[in-house]
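For reference, the structure discussed in these notes is given below.
Computed from a prediction, not measured in an experiment: that's the story for all the values here. We number each residue from 1, following the sequence as shown. What you see below is based on every heavy atom in this structure, not just the backbone, and it leaves out hydrogens, waters and symmetry mates.
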Amino acid sequence: MSGHELPALLGLLPDAVVARFLSRGIRSGRESPPQVALRRASAPCHEGTRRWRTSPVRELVEEAMSRHDGRRTAADGWLAPRLHATLRMTRAEAADSRLWNFLALVVAPDYVVWRHRGADSEEGDGTAAAARFSGPHHTQAFARLWWAAELFRDGDDYRPVEVACRVQDVLNTTMRLDVIDHRPTAQAMLRIVERALDSGVRRPGDLVNALSSAVNAAGSTLVYDVLAPDADIDTDAQLDWIADGDDSPPAPWERLPEGPHDGRVATSAVDALLPLFGRLLADAPLRRRAGDGDTEITFTGAGVSLAKSGDRPSATLPAPRDVKSTSIG
């Protein structure tokens, strides 16, 4: 981004200030945000440590736009884990919308427009929705990436985050669900999504939405943390990782960074949920698309099959173990 000097540290920009200045011209990229006014209205970002530096974030954003030019959605899977490893903070700190407002309006408004700008129309230039600049954690351009990495990482392993970002509906729908706070639930859902993607399933977003709705609905009567207990997170290791951010090198571009070594999800906990989620998915209706036939799911001993009516199955997901013994009450 050119035209002004980047502030050295991140700040906290109130929602009300964003609402006052966020014009259609800014959302379309035709106008630049009023940097002087926005910075004057911002508060310092917590304590002034090096982990709040703007330059590493700015470098990541520019690299994401450069290497994913023409493939905007693909930038999510690359940027999410690296943004999380660069902006090391607690969930309480990440829950402050003012931080994300500052990133979107002061540090990288060009990224928000690049990633989320809609198509031009007869009414005028395409724009990025206002919520991409200042909005909920599952919508705001930078918050959604940081929280995707936080909710879907497996301890220090960011590979599940890449899987989550391959299907936009995981970020748009699944990430809104309270059940995702249960780590085995998040990892089990991603395991099913990954199998579907590897099997070449068509319209994986429909599968994700069906699975998310079914798992969330069943979660009102089933206690997932009883079926699949999760170990306590090592908060000391997490805080040490955050503190190390002051002196850590930049996140690597050609390989995944390492997250906090605060404990991985037990494989046994994920395996305990897979048969249940397989049954839930089998019983969940997939959304129908006009003129494209009916999409059906069947669940057999061979696995979960997804096909259009009258067609041969387009993909079969491997069946979870002990399907017949799973009870959904």
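Checked options Val215, Leu273, Val170, Leu274; the residue passing with Met189 is Val215 (criterion: side-chain contact (heavy atoms from CB on, under 4.5 Å)). Of the residues Asp110, Asp125, Asp120, the one that meets the salt bridge (charged side-chain N to carboxylate O under 4.0 Å, His left out) test with Arg30 is Asp125.
Residue pairs meeting the side chain to side chain donor-acceptor pair (under 3.5 Å) criterion with at least one member in residues 225-237, sequence neighbours excluded: Arg183-Asp230. For residues 149-187, the ring-ring contact (aromatic ring centres under 6.0 Å, His included) pairs, not counting sequence neighbours, are His84-Tyr158. Listed by first and then second residue, the salt bridge (Lys or Arg N to Asp or Glu O under 4.0 Å) pairs involving residues 137-153 are Asp76-Arg144, Arg91-Glu150, Glu150-Arg153, Arg153-Asp262 (not counting sequence neighbours). Listed by first and then second residue, the salt bridge (Lys or Arg N to Asp or Glu O under 4.0 Å) pairs that reach into residues 244-256 are Arg67-Glu254, sequence neighbours excluded.
Both Leu6 and Trp52 belong to a single network of hydrophobic side chains, linked directly or stepwise wherever heavy atoms of I, L, V, M, F, W or Y lie under 4.5 Å apart.
Residues that satisfy the side chain to side chain contact (heavy atoms under 4.5 Å, CB included) test with Glu258, not counting sequence neighbours, are His261. Listed by chain and residue number, Trp114, Phe142 satisfy the ring pair (Phe, Tyr, Trp, His ring centres under 6.0 Å) test with Tyr111 (two or more places apart in sequence, or in another chain).
For the pair Arg88 and Asp240, the salt-bridge criterion is not met [side-chain N within less than 4.0 Å of a carboxylate O]. Salt-bridge annotation for Arg58 and Glu62: present, with a side-chain N of the basic residue lying under 4.0 Å from a carboxylate O of the acidic one. Between Glu194 and Arg159, no side-chain nitrogen of the basic residue sits less than 4.0 Å from a carboxylate oxygen of the acidic one, so the salt-bridge criterion is not met.
Atoms CD1 and CD, from Ile26 and Glu31 in turn, are 6.0 Å apart once rounded to the nearest 0.5 Å. Atom CG in Asn209 sits 4.0 Å away from atom CG in Asp169 (nearest 0.5 Å).
Among all heavy-atom pairs drawn from Asn101 and Asp15, the shortest one is ND2-OD1, 2.6 Å.
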Given the rule in the side chain to side chain donor-acceptor pair (under 3.5 Å) test, do Ser212 and Thr173 qualify, once you have shown the distances and angles that lead to the verdict? CA-CA 7 Å; Ser212 298; Thr173 301; over 6 Å; no
